Number of protein chains: 2
Amino acid sequence: MNQYDKAMSAAEQQCAQSGSRLTEKRKHILSGLLKSEKALSAYELVDFCKNEYNESIPAMSVYRILDFLQSERLVHKLSTANKYVACSHITCKHEHEVPQFLICSECQHVEEIGISKSLIETLQKNAKKVGFELVSPQLEINAICHTCLDKT
Amino acid sequence: MNQYDKAMSAAEQQCAQSGSRLTEKRKHILSGLLKSEKALSAYELVDFCKNEYNESIPAMSVYRILDFLQSERLVHKLSTANKYVACSHITCKHEHEVPQFLICSECQHVEEIGISKSLIETLQKNAKKVGFELVSPQLEINAICHTCLDKT
DNA sequence: TATGATATGATACAACATAACATTTTTGGG
DNA sequence: CCCAAAAATGTTATGTTGTATCATATCATA
């Protein structure tokens, strides 16, 4: 079974477990994110569904579906880009770590990595110094991927 | 001289040094950010100029002025919030560090702190592992400030 | 099959942002 | 001092992201 199918079936499982439904439309949106190299905007997902499935989903519904997928921890929102990505760890069993996203400023390619406990502790300590408590931090860092670096 | 005046005069100096002009309108926008507890959107700055100076600046101009102020390193954009803040270190002489912003999810209060060399190195190393080079990273972390924590 | 809960549709609009072109203001050389 | 070039700002239109509200459809089950 390839990565895409694995992710889809893991998503099914996740929803079954939480007693929610992974409907056709929700699957289509998730599939768009899984198949894409880049993070996609809600409106790009509207286009994807039109092109791939000849299905017209209103933007409103896409936003709702994205909210649902985020609540199931299947999708992340990149707030710096106003775009969405499938969680890279859908197929993992272990608890999700605090996610960190590296976003290529050139090609928009995104890598999701975990943050080590010690790094989080450092961030927490620094935050505390100025009177803040981290809640559910998520790091988004703009960088350049090696593919794009090599091109220049 | 109070903090506000210090910041303004440091901004003047900075612009003089780089051979650019800190016009009235640019000063007004910067003053809005300096006086505000929170990060402000471009449109909130339009309102500020109307209220404070009875001056109607089109949104377009505010965006241009914000671009200018950012290029002079007097202002930062918080991409997660689509809002803008005055740099906390306008009055410092030393080189600007990579900035990190703690943003209160409740009251929108923002604290800017520097990131230690060692923390940056760690981030850099982690990025490299997945094929990315940091360029000019900026961390934005959503958290809760103690004032808001105490309220609940 | 009726009922309530969940999911989706339709319409309108708010908030953030930029493109393209026009006008005004500033500045420095003749 | 005046003119030309450069810089700053104005005007208008439009693009992009996101939400509010109310209507309708679909599903799960008693």
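In what follows, every chain begins at residue 1, and chains take the letters A, B, ... in the order their sequences are listed. All figures in this text were calculated on a predicted structure; none of them were measured in a lab.
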[Y] and [X] side chains, donor-acceptor separation under 3.5 Å:
X	Y	answer
B:Glu72	B:Ser18	yes
A:His146	B:Glu133	yes
B:Asn54	B:Lys50	yes

Lys/Arg-Asp/Glu bridge criterion (N-O < 4.0 Å) met for A:Glu97, A:Lys117 = no
With the sugar-phosphate defined as primed atoms, P, OP1 and OP2, and the base as all remaining atoms, what B/S/- string results for nucleotides 7-23 of chain C, 5' to 3', for protein heavy atoms under 4.0 Å?
-> SBBB-----BBBB----
Step through the shown structure and confirm whether more than 12 heavy atoms of other residues, nucleotides or ligands are within 6.0 Å of NZ on A:Lys35.
-> yes
For atom CG of A:Leu45 and atom C1' of D:dT17, their distance in whole Å |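 So the CG-C1' distance, A:Leu45 to D:dT17, works out to 13 Å.
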Could you check which nucleotide pairs with D:dT14 in any of the strands shown, counting Watson-Crick or G-U wobble with both distances under 3.5 Å?
-> C:dA17
